[in-house]
Amino acid sequence: MGLIAWFKEKIRMLFKTDTEKAFGVETYLSPEMENAIKLWEQLESGKPPWVGDETRTIRFSNTVARELSKLVTQNIDIKVQAKYGNGETAAKIQKAIDDYFLKNAQQIMQDVIMLGGSMAKWNGKGMDYIPPDRFLVTEFDSNGDIHGAIFFSYYQKEKKFYTRAEWHRFEDMVRRSDNGKEPAGPVRIYRVSNKAFVSDQQDQIGREISLKNTKWADIVPEFTAENLEKPLFVYIKNPYSNTIDPDSPLGVSCFSECIEELRWLDIAMSTMGTETETSAPMMMVDQSVIQYATMNGIKLPKFIANTGLDLSGDGSNPVEQWQPQLQVASRTEGINFYLSIISYKTGFDPGFFVFDGQNIQMATATQVESTERRTVNTVLSYRSLLDRPNSNGDGRIGVIHDIVYIIDAMAVINGEYAPSEHGNYELFCDFADITENKEEDKMFEYQLANNGYMSKARFLVRHLGLTEEEAIAMVQEAQAEQQPEGGGLFGEE
């Protein structure tokens, strides 16, 4: 068993119980969610439980997740501006969001789509995006928002296996007055506790040891902070109803409702592949031909099939040709049927995914808007996870805003800039219009320019990349040529 596989099995088998004992806290991971997460990981790695000698997998779930995440993050643009001052704080946040989100935005969202969610957490230098098999929830509210969690990291050195558990949570406490006797009032603090474990065996979490005896020696066992409005992590939750465990704060995979269809698709593709592999014409010969070849040292070609039977009975016709018939049309129809169901259940319009080796049809912007509304709505629901208007009409909220809050808060905590700079930024997010069709828009504006509803210079600027001065000069030159001074083509008499 590899180290990664060992670590995942440890979490499922041991970490929940052992971590609860180590920290004295209850965690929330039901057997139903545990099994579901394991299945989604198997889909992602190309090892679903139905794969065997006769059935392979085409990993179509990864294809769907990749396409959806590409549409969600297409041309995403995040700009950070300062509210006041010289903008140094905003510049640092901009670089961090560029490095730790924008650079890998599609992969981050693909994991959310595949696994139901991903936890974004500061790792000391940047943001980590942690899959659901590497954290346990300790506290969440009635809205399903997670406020406490334990995160795991690990490494192997020689024959020992090391694990670190990092518990984040809010705590309410009473601050004492200067004399140490009278309470000064309640205060809410944010606490992070770190514990390390070492084991001699892969299948055991082992005993607790000091962090100083590990590669995490520079990490303090306890850390507290005040005046935090949000946790120093944020759960990016897939916008699907959790029908596996409605009481769980965790999200479900985009494929949670179409596991059986994915299995059928793999079976259909495997059957078609097997037929293709065995479709070569064969010459079937009876036993007498084989015996003759063997006795005379003759090597039979690959297309000769030994049936072990007497084909003719009297030996008059010892060879028969066999030409298999491929059922390509019916197989393709069945495959596209499964693809249509998977498309619908994963939020795409039926027919979004089609296997057709002869024709590829591209929908126009109008067709997308009118016939692929389901796909558009799905993309917009994911984008609203990242950035959306606040329900009270005050600003915007979303995962991107929470990530920037963590980056800003950690910069203050680490002393990178003064506490007075906390919150000195404004965040603006923009996405590509997925219904846009550049060629269609170009033709429409061409008609506007021809009919006098748009200046020709503006059309040239918008669609040929000219500057305004170049476009005006080009239009004036064309108009001058169309009005010759004389009666001939070049002004002659």
Side-chain angles (χ1 to χ4, degrees), residues 40 43 60-78 101-102 105-118 143-145 234-244 246 250-262 265 336-354 360-393 395-402 428-438 440-441:
W40 303 331
L43 284 177
F60 192 69
S61 56
N62 287 353
T63 301
V64 175
R66 190 179 305 115
E67 180 67 20
L68 182 52
S69 62
K70 182 175 67 175
L71 291 173
V72 171
T73 60
Q74 183 179 2
N75 291 342
I76 182 174
D77 186 29
I78 304 173
F101 182 80
L102 282 177
Q106 182 176 335
Q107 182 60 55
I108 293 167
M109 293 309 299
Q110 184 173 331
D111 289 342
V112 170
I113 292 164
M114 283 293 308
L115 302 175
S118 178
N143 294 322
D145 296 329
V234 57
Y235 182 56
I236 312 173
K237 186 176 181 179
N238 204 35
Y240 281 63
S241 297
N242 190 336
T243 57
I244 296 173
L250 300 179
V252 295
S253 170
C254 176
F255 308 100
S256 61
E257 300 291 341
C258 59
I259 297 296
E260 196 67 9
E261 287 85 350
L262 289 170
L265 177 63
N336 283 326
F337 173 73
Y338 297 134
L339 288 177
S340 182
I341 299 176
I342 293 170
S343 295
Y344 187 83
K345 286 193 171 184
T346 54
F348 290 90
D349 288 87
F352 189 95
F353 298 102
V354 177
I360 299 177
Q361 297 182 353
M362 299 297 292
T364 66
T366 303
Q367 289 172 327
V368 169
E369 189 170 356
S370 61
T371 65
E372 296 194 7
R373 177 52 56 185
R374 184 175 178 83
T375 303
V376 172
N377 287 340
T378 298
V379 172
L380 293 179
S381 70
Y382 276 97
R383 288 181 176 180
S384 69
L385 289 178
L386 303 177
D387 172 69
R388 64 187 182 276
N390 196 338
S391 59
N392 62 15
R396 301 183 70 84
I397 58 175
V399 169
I400 292 175
H401 299 264
D402 292 332
F428 303 92
C429 302
D430 190 26
F431 300 88
D433 182 0
I434 60 175
T435 64
E436 180 183 17
N437 186 300
K438 292 184 178 180
E440 202 170 77
D441 293 343

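- Put simply, the side chain of S253 gets close to the backbone of M114: a donor and an acceptor are under 3.5 Å apart.
- For the 3.5 Å distance criterion, the side chains of T375 and D349 qualify, holding a donor opposite an acceptor.
- Partners of Y344 under the ring pair (Phe, Tyr, Trp, His ring centres under 6.0 Å) rule, at least two apart in sequence or in another chain, do not exist in this structure.
- Put simply, the side chain of N242 never gets that close to the backbone of V252: no donor and acceptor are under 3.5 Å apart.
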Evaluate side chain to side chain contact (heavy atoms under 4.5 Å, CB included) for Q106 paired with R66, printing each intermediate quantity in order.
CA-CA 8 Å; Q106 182 176 335; R66 190 179 305 115; 3.7 Å; yes
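- Applying the side chain to side chain contact (heavy atoms under 4.5 Å, CB included) rule to D402 yields the partners K230, V234; only residues at least two apart in sequence or on another chain are considered.
- Atoms CD1 and OG, from I397 and S391 in turn, are 6.0 Å apart once rounded to the nearest 0.5 Å.
- Interatomic distance, E261 CD to S343 OG, rounded to the nearest 0.5 Å: 11.0 Å.
- Side-chain contact between L339 and V354 is absent, with no heavy-atom pair separated by less than 4.5 Å.
- Residue F60 is tested with Y338, F255, F353 for a ring pair (Phe, Tyr, Trp, His ring centres under 6.0 Å); the sole match is F353.
- At a threshold of 4.5 Å between non-hydrogen side-chain atoms, the residues L43 and I259 count as touching.
- Here the SG-CD distance, from C254 to Q110, works out to 11.0 Å after rounding to the nearest 0.5 Å.
- Within the model, atoms CZ of F101 and OG1 of T73 stand 8.0 Å from one another, a figure rounded to the nearest 0.5 Å.
- S256 contributes atom OG, which lies 8.0 Å from atom OH of Y240 (distance to the nearest 0.5 angstrom).
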Enumerate, atom names and distances included, each donor-acceptor pair closer than 3.5 Å involving a side-chain atom of residues 379-387, sequence neighbours excluded.
from: S381; atom 1: OG; to: T378; atom 2: O; distance (Å): 2.6
from: Y382; atom 1: OH; to: N238; atom 2: OD1; distance (Å): 2.5
from: R383; atom 1: NE; to: V72; atom 2: O; distance (Å): 3.0
from: R383; atom 1: NH1; to: A432; atom 2: O; distance (Å): 2.8
from: R383; atom 1: NH2; to: L71; atom 2: O; distance (Å): 2.9
from: R383; atom 1: NH2; to: A432; atom 2: O; distance (Å): 3.1
from: S384; atom 1: OG; to: S381; atom 2: O; distance (Å): 2.7
from: D387; atom 1: OD1; to: R396; atom 2: NE; distance (Å): 3.2
from: D387; atom 1: OD1; to: H401; atom 2: NE2; distance (Å): 2.7
from: D387; atom 1: OD2; to: R396; atom 2: NE; distance (Å): 3.0
from: D387; atom 1: OD2; to: R396; atom 2: NH2; distance (Å): 3.0

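- Looking at C258 and I341, their side chains never come closer than 4.5 Å, going by heavy atoms from C-beta outward.
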D145 vs Y235, side chain to side chain contact (heavy atoms under 4.5 Å, CB included): CA-CA, chis, key distance, verdict
CA-CA 8 Å; D145 296 329; Y235 182 56; over 6 Å; no
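- Contact between P350 and S340 at its shortest, heavy atoms only, is CB-OG, 3.4 Å.
- Side-chain N or O atoms of K237 include none that pairs as donor or acceptor with a backbone N or O of G251 at under 3.5 Å.
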Carefully, step by step, assess I236 and I108 under the rule side chain to side chain contact (heavy atoms under 4.5 Å, CB included).
CA-CA 9 Å; I236 312 173; I108 293 167; 4.1 Å; yes
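- Under the 3.5 Å distance criterion, the side-chain polar atoms of T346 are matched with a main-chain donor or acceptor of I342.
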Evaluate the side chain to side chain contact (heavy atoms under 4.5 Å, CB included) criterion for residues F431 and N75: first the C-alpha distance (whole Å), next the side-chain angles of each, then the deciding distance (0.1 Å), finally the verdict.
CA-CA 6 Å; F431 300 88; N75 291 342; over 6 Å; no
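- Within 6.0 Å of CZ in F337 there are 12 or fewer heavy atoms belonging to other residues, nucleotides or ligands.
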